[in-house]
Amino acid sequence: MVASQLPDAVQGPGPVDVVLNVNGATHVVRLEPRVSLLDCLRDHMNLTGAKKGCNQGACGACTVWVDKRRVVACLTLAIACEGREITTIEGMAENGTLHPMQKAFLSEDAFQCGYCTPGQIMSAVALLAEGHAGSDAEIGEWMSGNICRCAAYPNIRTAIRDVRDGVGGVGRATR
Amino acid sequence: MTTAIGRPLDRVDGHAKVTGAGRYSAEIALPGLAHAVLVTSRIPSGRVELIDTYDAERAEGVLAVLHHLNLPKGGSVPPLLPSLFGAAASGQTFFPMQDEVIHYAGQHLAMVVAETLDQAEHAARLVRITYQETASITTVEQGRDRAYEAEKIFAGFIPGRIARGDVAAALDRAPVTVENSYYCAANHHNPIECSATTAVWEGDRLTLYDATQGPNATLHTVAELLNVMPSHIRVVTNYVGGSFGCKAMIWDHPALAALAARAVHRPVRLALSREQMFSSVGHREEQEQRLTLGADRDGRLTAIRHHKLSPTSHFDDWAEPSLGVASQIYACPNYEGVYNLIKANTMTPTFTRCPGEASGMFVMETAMDELAEKLDLDPLELRLRNYAETEPMTGHPWSSKGLRDCYRRGAELARWSERDPRPGTRRDGNWLLGWGMASSGYPVTPPGNPQRARARIFADGSAVVQSSFSDIGTGAATAMTQVAADGLGVPLERMRIQYGDSDLPNTAAAVGSAGAGMVSAAVHIAATALRDQLIAQAVADEHSPLHGADPRQVVVSDGRMALRDRPATGETYAELLQRAFMADAEALGTWNPPGMDTPYGTMTFGAQFAQVAVDPDLGLCRVRQLIGVFDPGRVLNRKTAHSQLMGGMLWGMSHALLEGTIMGPDGRWANASLGEYLVPVNADAPDVLIETIETTDTVVNPLGVKGVGEVGMVGTAAAIANAVWHATGRRHHKLPITIESLL
Amino acid sequence: MRPVSYSRVSDVATAIATVAADPTSAYLAGGTTKIDMLRIYAEPSQRLVDINSLPIDHIEVQPDGAVRIGGLARMNDVALAPVVVDRFPMLSEALLLGASAQLRNMASMGGNMLQRVRCSYFRDAEASCNKRAPGTGCSALAGVNRGHAVLGTSPHCIATHPSDAAVALVALDAMIHVQNSGGHHAIAIDDFFLLPGDTPEREHPLNHGDLITAIEVPALPAARNSLYLKVRDRESYEFALASAACALTVTDGVVAEVRLALGGVATKPWRARRAEQVLRGAPATRETFARAAAAEMADAVPQPMNAFKIELAQRTMIRALETLTARGEAP
């Protein structure tokens with residue numbers, strides 16, 4: 001057998017110090033390895049923008065980015081994110097200025113209760129970067145991992161189109 | 001003067017929502033917060049023989065394991081009363097963990113409290129319960145032969161049988177009849193935010209952060225359940241992640257959270273899991289309806305017989321009022337409606353968006369389409385021939401009715417006149433295309449108690465209006481800001497609304513599409529009272545340019561009072577207050593709603609048109625367009641109102657094609673997850689075209705607001721089912737319409 | 001979730017040695033199945049060995065035209081790789097029609113092969129289930145079984161295999177490359193997925209510690225004219241009620257080459273060999289397609305709620321074949 005490296009030290013099952021980079025800042029959080037990235041953000045870091053809707057990857061309310069890719073935080077262990085770059089809705093506005101997608105969601109009324117909204121926005125911004133916003137059908141398909149029970153879907157598509165086409169902030173007000 | 005009302009203002013809570021800064025009820029950070037997790041019954045009927053908490057109590061981090069043997073008993077369970085009455089509003093007259101009896105699967109049997117959520121969830125798995133199971137009934141099919149005619153349903157407000165004229169004779173004479181049985185699967189609300197309560201005791205005072213449609217409903221219900229003085233409870237509801245009825249009544253978890261917090265002497269958060277949302281907060285009951293229409297050869301209805309059969313709980317006679325709007329939408333001299341119930345091992349069903357109107361109007365509007373087909377009449381023409389000029393059950397005039405305009409405008413938008421009436425004649429590749437339509441109606445119901453708001457203006461001219469209502473995503477906070485700004489006559493940017501707190505002036509729960517109407521009444525009255533008070537002060541103030549003026553001739557705009565015909569004469573509120581060394585001024589507004597017995601029919605109406613594509617080989621049905629035109633009275637905010645109507649219509653689409661909770665033979669809901677209880681995803685949702693026809697209504701409330709929260713869903717399922725018929729030639733009497741029924 | 005311990009490994013040999021040495025351990029890749037299973041107590045691991053840093057996530061074209069997909073390549077990356085899109089459209093489509101964009105960013109190809117069934121009784125840790133707790137019985141037989149299988153079932157288990165990608169890979173005769181402490185071996189995908197029979201708990205021939213390092217898709221020119229057709233209630237983000245992966249070459253109106261596999265209706269990704277046999281050399285007509293589809297479903301065993309799947313699967317096959325025939329005829 002090929003000589004193998006030793007595995008990293010076994011951590012847990014009790015609490016261990018986990019070093020996480022969230023929205024550009026480094027945090028040390030004391031966590032059991034079983035804690036999901038979602039519960040870590042919400043309960044241990046007081047970042048409640050990522051929402052819990054199903055805790056089983058069936059709603060997308062917990063969508064965040066890990067290394068700039070959108071993932072569901074409920075099926076991600078926080079400890080597995082050490083050394084990775086985590087971005088949440090709290091990291092989207094810069095110096096208090098909303099991201100164009102946040103502005104577009106506001107002006108197009110792309111939400112009602114607002115609970116799925118952070119996940120929708122994290123998906124929507126990623127969607128544009130991925131290049132999957134070519135048509136309404138493509139936007140619809142690639143946004144289908146984020147359930148909006150208020151069913152603001154048509155307005156979500158409009159908001160994404162606005163940002164894609166650089167016409168953010170127009171809104172339905174003018175119609 | 002109206003400048004803000006009606007404008008498509010962005011949501012005032014929008015910034016908090018798009019940045020993730022808004023705190024929902026399970027997101028309140030508190031020092032020492034502990035987490036509670038519920039343990040639920042696996043069986044639908046029987047008793048707990050043994051509850052073994054040994055391992056759970058010794059698990060890491062566990063602070064308490066509470067169940068029927070050690071949970072402190074409190075007060076009494078209040079009666080089931082819709083939260084629109086503004087009093088205690090128990091979702092069912094049963095409180096768990098008081099004895100060992102099990103009435104339904106998912107019943108709360110124990111509660112584990114631990115330091116962290118993971119610890120509490122794990123320990124909950126370690127609670128071992130031994131059951132003694134007894135026979136159960138959980139479905140219409142199982143309980144059919146035990147059905148009984150209800151004396152009353154809906155908390156006693158609706159009689160189990162309503163009759164008018166002579167239906168049997170009219171049906172005998174009717175040259176044309178349509179008779180069918182219909183079935184609607186059970187539904188669960190599934191807002192994306194699961195219900196949650198965070199409870200904090202400070203001495204004998206209790207604060208609850210609760211996801212509720214009515215902070216006061218939570219307050220009164222918990223007060224009675226725990227036998228705590230209402231004056232000692234405060235309920236805070238800053239943000240609610242959707243409700244759709246499951247947070248309209250108050251279930252046991254807020255009180256359980258409070259009991260857990262008392263037991264461990266720490267703040268406790270109790271958040272239901274998604275699976276628990278299927279057996280903790282009610283549901284829309286499974287139901288069978290049988291409808292017989294009799295008509296003359298011109299299509300005029302002569303008789304309606306409408307019977308419903310559905311399961312309810314052991315404790316309460318509940319059925320959603322499916323016969324209501326269906327009995328009011330068309331003129332017809334003879335009518336008979338009956339609610340039959342089955343006592344079953346389920347929770348008490350509850351309000352689910354469009355409670356009754358959606359299911360009943362699916363039935364009525366599908367039958368009307370079949371009647372049109374039989375008579376070889378255009379479906380829209382048939383509806384016009386049966387247009388109810390007065391409220392059919394009472395003969396009262398309508399407070400307002402724009403349905404004829406809705407039909408006309410909707411038909412125009414849908415190019416209805418170009419529709420070939422023959423089914424199965426249009427194709428797009430593998431897809432058969434069809435258009436269908438239906439009428440919408442949703443009652444306007446006044447709250448049961450006075451609604452209040454307080455308006456306060458500061459010496460710099462900025463103002464705040466306070467009222468206790470919660471905004472569950474309707475846009476109420478935004479609309480109320482507009483109402484308040486107009487009422488007081490200040491610009492929007494100087495007006496703030498404060499809401500979602502039972503310490504603020506009392507309102508009933510925002511349910512039944514009544515929120516905008518009733519809260520706007522209180523806010524309008526408070527704001528105009530403050531305006532009038534300040535005008536009175538100005539005309540009485542000899543230093544004011546308005547001194548001695550007739551107050552009725554003073555108008556306010558942009559925070560400045562001026563004479564109507566000489567706008568140059570006037571002063572700002574700020575000038576008036578500062579001169580008088582007043583830091584602020586305030587006024588309380590109270591709206592005493594009309595009784596339920598006003599001599600008017602009150603309803604929001606609409607017309608819906610749907611285009612569907614059906615792939616008959618693969619059994620697929622996709623909705624390509626929805627068009628809805630509604631008459632909601634005054635629209636407070638065009639943007640948020642349209643969003644609500646759109647959401648309602650997409651709920652109707654979902655009701656038609658996707659949603660159904662399936663009761664397993666083990667008496668448990670078999671698809672209790674968002675993976676298996678299907679709600680639409682983005683790709684399912686077509687573009688929705690909404691228009692509103694503003695009608696003036698001087699009866700329902702001061703601003704003439706009839707409501708938009710639910711009417712959007714009424715009739716959508718029928719419009720879609722009728723479009724499926726138009727596409728394929730096949731009728732569907734069962735919801736949801738699934739692949740197997742389309743093959 | 002039960003308490004778990006965690007370690008991260010960065011080379012394959014260490015990963016295998018670590019997991020092989022501890023029977024309570026398991027690999028953690030994308031986590032979309034593993035974390036879900038742990039949270040619902042449907043799987044007993046106490047130690048997770050994070051393999052996400054292993055260098056087995058590449059997609060490589062072999063000299064013979066085969067494509068080798070690393071076990072840790074993510075679903076979205078495979079689906080969008082130009083070589084997969086060009087040469088194996090059915091695989092690209094099957095991947096993109098699965099799960100959601102977020103889950104596809106996470107889920108690995110190896111994990112996709114090992115994903116667990118969606119049967120609600122399997123997922124309910126306290127229900128009787130022969131797959132999760134051998135010998136306790138199958139609750140689905142008398143339960144809610146609309147989504148369950150009609151092909152390859154046994155009296156012990158009727159759970160549908162959930163993967164879409166595996167259906168395409170079965171049609172493509174992929175090889176599953178496995179490494180363990182004894183070395184490396186490859187398993188033909190047909191031998192990889194096991195029927196439930198008397199041992200529904202055994203879903204594949206892997207032993208504890210075996211690691212899927214790669215999936216090799218052999219060159220198949222006919223696969224350029226291929227598709228994955230998925231039928232489900234919802235337009236997206238749902239498992240299949242019936243699906244077909246199909247590649248077809250029609251020469252002079254006769255089926256020259258065909259690959260056909262079914263998803264959503266069987267206890268494993270189902271290669272439709274009977275249908276292929278009927279099709280090969282037969283005229284490419286709707287009549288042939290119907291006959292082939294009927295032959296494939298001849299032995300199907302329906303449950304009370306899912307008899308419609310027998311018809312639906314046939315129509316899905318026919319539609320897939322007709323679509324590819326039309327495409328092949330297009331100039």
Side-chain angles (χ1 to χ4, degrees), chain A residues 14 32 34-35 39 42-43 46-59 61 88-90 92-93 98-99 101-103 105-107 109 111-118 121 136-137 139-157 171-173 175, chain B residues 7-11 13-24 26-27 29 35 60 116-118 189-194 239-244 271 273-274 472-475 638-640 642-644 646-651 654 673-675 679-688:
Chain A
E32 296 174 316
R34 65 176 163 178
V35 176
D39 286 338
R42 288 170 63 80
D43 291 348
N46 202 19
L47 292 171
T48 58
K51 302 300 183 195
K52 185 180 282 189
C54 71
N55 220 22
Q56 60 167 210
C59 78
T88 71
I89 190 71
E90 287 90 347
M92 295 305 284
L98 295 183
H99 185 281
M101 191 65 77
Q102 291 173 310
K103 284 185 196 163
F105 265 60
L106 251 173
S107 58
D109 211 32
F111 57 91
Q112 293 177 34
C113 79
Y115 196 77
C116 73
T117 309
I121 291 172
D136 261 30
I139 293 171
E141 171 57 33
W142 285 81
M143 284 302 289
S144 279
N146 292 80
I147 291 177
C148 172
R149 185 57 161 154
C150 301
Y153 297 127
N155 295 1
I156 291 170
R157 293 195 294 264
R172 284 196 306 180
R175 276 186 240 150
Chain B
R7 275 176 53 190
L9 185 68
D10 288 351
R11 287 172 196 261
D13 54 354
H15 190 277
K17 287 176 174 177
V18 301
T19 56
R23 294 278 166 155
Y24 294 74
E27 301 175 343
H35 298 259
E60 184 81 24
T116 73
L117 180 60
D118 284 280
H189 319 77
N190 279 311
I192 302 301
E193 182 206 22
C194 294
Y239 296 90
V240 182
S243 172
F244 316 110
S273 69
R274 177 56 57 188
I472 57 173
T474 57
R638 192 164 75 245
K639 185 185 287 204
T640 56
H642 282 212
S643 282
Q644 273 210 284
M646 176 179 80
M649 291 179 72
L650 291 171
W651 263 66
S654 187
S673 76
L674 283 180
V679 302
V681 295
N682 198 312
D684 289 300
D687 284 338
V688 183

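Below, chain A is the first sequence line, B the second, and so on; all start at residue 1.
Among B:Arg274, B:Glu193, B:His15, the residue making the largest number of heavy-atom pairs under 4.5 Å with chain A is B:Glu193. Listed options A:Gly145, A:Ser144, A:Pro118, A:Ala152 were ranked by heavy-atom pairs under 4.5 angstrom with chain B; first place goes to A:Ser144. Note on A:Leu47, A:Leu98, A:Asp39: by heavy-atom pairs under 4.5 Å with chain B, the leading option is A:Leu98. Among B:Glu60, B:Met649, B:Gln644, the residue making the largest number of heavy-atom pairs under 4.5 Å with chain A is B:Gln644. Interface check for chain A: of the options B:Gly675, B:Gly242, B:Ala271, B:Pro680, the most heavy-atom pairs under 4.5 Å are formed by B:Pro680.
Contact detail for A:Tyr115 and B:Tyr24: the closest heavy-atom pair is N-OH, 3.5 Å. Across all non-hydrogen atoms, the minimal contact from B:Asp687 to A:Pro154 is OD1-CB, 4.0 Å. Among all heavy-atom pairs drawn from A:Phe111 and B:Gly14, the shortest one is CZ-CA, 3.6 Å.
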Legend entry - Intermediate values then yes/no, side chain to side chain contact (heavy atoms under 4.5 Å, CB included), B:Thr640 and A:Asp109: CA-CA 7 Å; B:Thr640 56; A:Asp109 211 32; 4.0 Å; yes
Legend entry - Stepwise side chain to side chain contact (heavy atoms under 4.5 Å, CB included) test for A:Arg149 and B:His189: CA-CA 9 Å; A:Arg149 185 57 161 154; B:His189 319 77; 5.5 Å; no
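Using a 4.5 Å heavy-atom cutoff, the side chains of A:Cys150 and B:Phe244 are in contact. A 4.5 Å side-chain heavy-atom check between A:Gln112 and B:Arg11 finds at least one atom pair inside the cut-off. When side chains are defined from C-beta on, A:Gln56 counts as touching B:Ser673, because their heavy atoms get closer than 4.5 Å.
Neither the backbone nor the side chain of B:Tyr239 has a heavy atom closer than 4.5 Å to any heavy atom of chain A. At a 4.5 Å heavy-atom cutoff, the contact between B:Ser654 and chain A is made by side-chain atoms alone. With a threshold of 4.5 angstrom between heavy atoms, A:Arg42 approaches chain B through side-chain atoms but not through N, CA, C or O. If you measure heavy-atom distances from A:Asn46 to chain B, the contacts under 4.5 Å come from both the backbone and the side chain. Looking at B:His35, only its side chain comes within 4.5 Å of chain A, counting heavy atoms on both sides. For B:Arg7, no part sits under 4.5 Å from any heavy atom of chain A, backbone or side chain. For B:Ile472, the part lying under 4.5 angstrom from a heavy atom of chain A is the backbone only. For a residue to count as touching a neighbouring chain, one of its non-hydrogen atoms must lie under 4.5 Å from one of that chain's; by this rule A:Met143 touches chain B with backbone and side chain alike.
The distance from the NZ atom of B:Lys17 to the CZ atom of A:Phe105 is 13.5 Å, given to the nearest 0.5 Å. Here SG of B:Cys194 is found 13.0 Å from NZ of A:Lys51. Values are rounded to the nearest 0.5 Å. Atom CD1 of A:Ile147 is separated from atom CD1 of B:Ile192 by 5.5 Å, given to the nearest 0.5 angstrom. Rounded to the nearest 0.5 angstrom, B:Asn682 CG and A:Cys148 SG are separated by 9.0 Å.
Residues satisfying the side chain to side chain donor-acceptor pair (under 3.5 Å) test with A:Glu90, not counting sequence neighbours, are A:Thr88. Under the rule for a side-chain contact (heavy atoms from CB on, under 4.5 Å), the partners of B:Asp10 that lie at least two apart in sequence or sit in another chain are A:Leu106, A:Ser107, B:Lys639.
Under the side-chain contact (heavy atoms from CB on, under 4.5 Å) rule, B:Val18 has a single partner from A:Lys103, A:Met101, A:Gln102, which is A:Gln102.
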